[in-house]
Structure formats: structure tokens, C-alpha cells
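Each remark here refers to the structure printed beneath this line.
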Amino acid sequence: MRHLYQIQAQVTTNPIPSMDPNLIAVKLIGVCASRASVRHGTLIFTHYLSSPNIFAYNAILKAFAQHNDWLSTLRYFNAQLVLPSAPDPDEYTFTSVLKACAGLAQEDEGRKVHCLVTKYGCHSNIFVRNSLVDLYFKVGCFEIAHNLFDEMTVRDVVSWNTLIFGLCLSGQVDKAQAVFDGMVERSLVSWSTMISGYAKVGDLKEARRLFEEMPERNVVSWNAMIAGYAQNEKYSDAVELFRRMQQVKGLAPNDVTLVSVLSACAHLGALDLGKWIDRFIRRRGIELGLFLGNALADMYAKCGCIEEAKGVFDKMHERDVISWSIIITGLAMNGHANEAFECFDKMVEHGVRPNDITFMGLLTACTHVGLVEKGLKYFDTMDHTYGIIPKIEHYGCVVDLLSRAGRLDEAEKLINSMPVEPNVIVWGALLGGCRIYKDIERGERVVRRILELESDHSGSYVYLANMYASLGRLDDAAKCRLRMRNNGVMKMPGCSWIEVDNVVYEFFMGDLSHPQSDKIFYMIRELRWKMKLAGYKPKTDLVVHNIDEEEKEDALSVHSEKLAIAFGLISTPEGTTIRIVKNLRVCNDCHDAIKIISKIVGREIVVRDRSRFHHFRDGRCSCNDYW
DNA sequence: CTAGGGTTAG
């Protein structure tokens, strides 16, 4: 980099008269683009060049386009058009500009550029034609794209790759495969396009088959496959493939790889791997761009390390709505509602427009601490001051907020007045309230509605059965469970993860498959005995009772989080924090038990629910038992 | 010129 400054200083102070300044600028901009410092290139362009020629314009546009800075590409292009002294655009100009339009999915802008292409006679250039086809596919004008493709007299691999990409994009993976099969010459891009095409429709088997079959792979092929897993909730597969990627010599993960893997870490709660990636980024000097910064901050937030998340956020030199939303949601999940509100105010001060997801964060913050009025105010504000129409998710959140606070009438009224059809989740939020406040009539009504929508909704059977049980109506509870079993409804199995020495271990309820099961169950017995001494009595009213007779075995009815915690206790050093991720909500009994365990063993235990964090320490939980 | 990336109720 210092070298660059020296060159620049030299050309600015003692220009070599025989050399064209444009030529020097083009070279410098090219170097800047490849070193990921486009900002420096712009400085050269604007301050050093008095009259940039077409080469200089194309160099700067290409630099922007390469770094996905499409807004700048269009800005410079439009400036070029209105400036009388600026050179006319040529085919190189158009390829960059069309790429920008495609990236921004701006149909109108794209059509305007298309007209200019014709006007300046660049229509027959194959680069431009390929870019046009790509653009029309990406803005959803499939017919125009196909027509342009059919009109082409000469087609190269890129043209065919663009076509299969377009077919995948319009959901016709089969047709894309047919074209792919018929291609005489396939490139790496053809294979990668098909892989991500299959991944996008969730066909990971086919994607993986192509991945294993392809003759050679580059970073993008690996990224496509890893991202495919991460986006289809196959987080462990994503991590596993990343590990395999690291074994490949001469192949280094890049920022795109890390974004996908960090997202997987966030979902798995794999803090160790996440931290490793953080160090990797620093060691390699990888720039913390928007995507990577956001992914890293979200990983920390979702692993319960909100301070680290804020640290990443502060370090980023560019932040967008997503960055702010990640922090707000992270604060909300970790129970720091007030900080979430403050963060929102700061965001508005910084002139960043909140979006629907930002409001989800704010509403969950309110839900997790029971701030009903505040939540209703935000719900009102989002439409009235920010023009964001509440989606079903927001209604679900507010119903949850009201229900937890016992305002069941209002919650039910809200559901009935919703402009969108309520779904199982919205009704489920109300059912949760019915369960807490033991409103059996309303609960039965709600369960009927839920089963109309989804006849095998296991949660509602379980909730209803528990409600009967807690009211002492054991016969009804038994009938409900029987009905559930007769209808072949299966409960979603509770599952917990814990990461020890970079390996994620998975536990199901009553799981005996772990090689250290004996030790784990011994630890559980020991804990039970100590808890009894500490005066702990198991609460049973909200606990799911055994549905099958066979499950009577004591050891088998242990919830997965207890198994994971016991395993954590025997396999990590004393005094260290134990972190668990669970796919369902922690039940009341486990919540109480973990509080006591944290006190008995003198350890902090962090449990990530499906919706929030519980930081257990010294017999207390950060959620203050409101969850 | 073509392929790969981040936030979202229970």
C-alpha cells in the first residue's frame, strides 16, 4: 500500500510529460481495485485526472462493479452521461453498468441503459448481449431474456451459463439441467450455477452429487455448496464441509465462505468456531465489510456474547439497517430491553431507516421483559411514522406480548381483527397465554382453530394436555394424549447442543447414544441428590408427562438440556461457562433446576432457547423468570 | 460478460 502512495505522490508532483496521465491513472486504479481499496482509486480518478478518457472511466466503473458497489457504478456512469466533455460510453462501459443494474435489480434503469446500448451501437457485442440477458433474468423479465438469448447469432460458454442461471432463477432447475447436459463445453461456472440452483430449491442431494462429480473446484464452488447447506438449515453439514475445505491445499476460504460459516455458527451456537473465524479474519487481515461484519456480529449476539457483538459493530466502518437490527435483536434476546430501545434511538439519529425486521427486534425486546404498553406503542409507530405495514410476524409478536401479560381478551380481539389470515404461530402465542393463565375455555377454542389449520400440530395437544393436568383434570389430559397418539401425531423431539473442543455434541431427550452416557447419568444422579439437599422440588404442572408407558424409565425422561449440561460439567474445566443451545423452549422444571445447578456447581450456564437467552448464575436467571 | 454471502414471531 505504501508503494502505491509513493507512485501516486510521484506522478502528482513530478508528472512525466511524455506519459499520458490517463494511462497512469488507469494502471493505478487497476491496482487499487485488485487490492480492495477502491476509495483510493476514486481519489486518483477525481483529483489527479483533469479530463478522464474512456479508459479511465471504464477502469473506475469496473473497479466499482468488481466490488459490488453498484450504486457508485451508476453514479459515475450517470455523471459521465451528463458531462459534455466526458467520452461516449463503449461496450466496456456498458458491461459494468449492466452488471450494476442487474445487481440492484433495477428494471427501469436497466431498460434505460439498454436503450443507450442501442443508441451507441454496442448492441452486437457479445459481452454486452450476455450482460443484457443476465440483467433481464435478474430483474424477472424472463421473456425478454429468452428472446434476447434466442436472437443471438453467436453464443459462448458465458451465454449458456447465463441461460442456465436464468432458468434456475425462474425455478426451472430441470430445464437448466437439460441445457447443462446438452452443453458441449462446460466451465467451472456452469457446475457452480447448477449447484446453487439445486441448493436454492432445497435439493441438497443433487447439489452435492454435482459438487462431488465436478472435475475441478474453486472457492466459489465450495462457497455455493456451503451456503446451500447454511441456507437450508443444515448447519452442521455446512461446518463439516468447511472443515473439509480447510484440508484442501492451495485453497483458502474468503469473506463469502466465512459469512456462510458464521451464519451456521450463529444458528448452532458454535462459539469456539466463531471465535476461531474472528481470529482468522484478523490474522489474514480480511476486511470487515458489511456482510462479514454483520455475520460476525450476529454470530456473537446469537452465542450470547453481546459485548463482543457490540465490539464488532463499533469496529465496522460501514453499517446498514441489518447491522443495527442485529444488535437490537441481540440485545433483546439477551434480555437488555432498555439498551435495545436506546440502540434504536441512536439508529434513527444516524439517519438509518428501520425496516420490518428492526421492529421485530424491538417487539421481542418488549415481550421478553413484559413491557406491554411500550410494545403496543412501537407496533403503532411502525406504520404511522415509518410506513412499515405490520406483517403476520409482528402480529404474532404482539399477540405473544399481550398473552404473556394475561391480556387474553385483547390478544384474541387483535387476532380476529388482523388484516391477514392468522396462522398456527399466532394462535399458538395466544395458546401460550391460555396455558399460563389456565384459561381452559379459550384454550380449547384456540386448539380447535389450530387443528383446523394444521391437524397434526403436536404443540397444541401437548399444551392442552398440560392445561388439563394442571387443573387436576387428569382424565381429560389422558384423553387428549390418547387422541394425539391415535392421530399419529409426533412431538417434535427436544434437542440440545453443546460445543466442547470445537466439536458440537447433540443430545435428544433420554439420549443414551453418547459414549460417555454412564458418566453423564451418574452426574445427573449426583446433581439430583445435591438439588434435593438444597431443597429443590420438581415442578410438574407444566411438564410434559410421559405419553407412552415405555417411557417410564427414570433416566429416559431426562430433558435434553440436562444431558447436555451434565456432559458439559464432566468435560469442561471447573469454573468455566457452559453454553447450551436448545431447539425448543426450556420447560419450567428445567429452568428451575438449572438455576439451582448453576449455584451448586458455581458455574455460569448460558442456555439459548428457540427465542431467547437465559444466563444462569448463582441460582438466578437473567430472564427474571419472565419468559 | 457468467457462479458464491448477512438480520425475521412460537
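Numbered from 1 within each chain, the chains take letters A, B, ... in sequence-line order. Values reported hereafter were calculated over all heavy atoms of this structure, with side chains retained and with hydrogens, waters and symmetry mates removed.
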Among the nucleotides B:dA9, B:dG5, B:dC1, whichever has the atom closest to the side chain of A:Glu393 is B:dA9
With sequence neighbours left out, the residues meeting side chain to side chain contact (heavy atoms under 4.5 Å, CB included) with A:Leu148 are A:His114, A:Arg129, A:Leu132, A:Val133, A:Tyr136, A:Ile144, A:Glu151
When rounded to whole Å, the CG to C1' distance for the pair A:Asn218 and B:dT2 reads 13 Å
In short, side-chain hydrogen bond (donor to acceptor under 3.5 Å, both in side chains) pairs touching residues 57-66 of chain A with sequence neighbours left out are A:Asn58-A:Asp90, A:Asn58-A:Thr93
**Asked** So, is A:Lys138 close to the B:dA3 phosphate, meaning a side-chain N or O under 4.0 Å from OP1 or OP2?
**Response** yes
Which of B:dA9, B:dT7, B:dG10 is nearest the side chain of A:Asp400? It is B:dG10
With the side chain defined as heavy atoms from C-beta on, A:Val426 is closest, among B:dA9, B:dG10, B:dG5, to B:dA9
Of the listed B:dA9, B:dT8, B:dG5, the closest approach to the A:Lys302 side chain comes from B:dT8
> Within the structure, does a side-chain N or O atom of A:Ser192 lie under 4.0 Å from either OP1 or OP2 of B:dG4?
Replying inline: no
- Under the 3.5 Å rule, do the base of B:dG4 and the side chain of A:Asn254 count as making a donor-acceptor pair? yes
note: A:Ile450, atom CD1; B:dG10, atom P; distance rounded to Å ~ 14 Å
Does the side chain of A:Glu308 come within less than 4.5 Å of A:Leu296's, by heavy atoms? no
| request: Taking the six-membered ring for Trp and the single ring otherwise, decide whether the centroids of A:Phe165 and A:Trp160 are under 6.0 Å apart. | output: no
A:Phe379 atom CZ is separated from B:dA9 atom C1', nearest whole Å, by 12 Å
Testing B:dT2, B:dG10, B:dT7 for proximity to the side chain of A:Asn161, the answer is B:dT2
Quick one: label A:Asn125 by what it contacts on the DNA or RNA (base, sugar-phosphate, nothing), any heavy atom closer than 4.0 Å. nothing
Per atom distances to the A:Val256 side chain, the nearest of B:dG4, B:dT8, B:dA9 is B:dG4
| query | Under the 3.5 Å rule, do the base of B:dG5 and the side chain of A:Asn223 count as making a donor-acceptor pair? | reply | no
B:dG4 base to A:Asn68 side chain: any donor-acceptor pair below 3.5 Å? no
Whichever of A:Val219 and A:Arg404 has the more 5' nearest nucleotide on DNA chain B, that residue is A:Val219
A:Lys582 meets the side chain to side chain donor-acceptor pair (under 3.5 Å) criterion, sequence neighbours left out, with A:Glu561
Testing B:dG4, B:dG5, B:dT7 for proximity to the side chain of A:Phe165, the answer is B:dG4
Sorted by chain and number, sequence neighbours left out, side chain to side chain donor-acceptor pair (under 3.5 Å) with A:Asp156 holds for A:Asn130, A:Ser159
Here the residues of residues 193-200 of chain A within 4.0 Å heavy-atom distance, strictly under, of DNA chain B are A:Thr193, A:Ser196, A:Lys200
Identify whether any heavy atom of A:Ile326 sits under 4.0 Å from a base atom; if not, whether one sits that close to sugar-phosphate; answer base, sugar-phosphate or nothing. sugar-phosphate
query = Base, sugar-phosphate, or nothing for A:Ile392, non-hydrogen atoms under 4.0 angstrom?
reply = base
Residue set satisfying side chain to side chain donor-acceptor pair (under 3.5 Å) with A:Arg585, at least two apart, ordered chain then number -> A:Ser611
Within the structure shown, what part of the strands sits under 4.0 Å from A:Ser611 by heavy-atom distance: base, sugar-phosphate, or nothing? sugar-phosphate
Quick note, A:Phe127 side chain, CB onward, closest among B:dG10, B:dC1, B:dG4 is B:dC1
query: Would you say the side chains of A:Ser190 and A:Asn161 form a donor-acceptor pair under 3.5 Å?
result: yes
Rounded to whole Å, OH of A:Tyr378 lies from C1' of B:dA9 at a distance of 18 Å
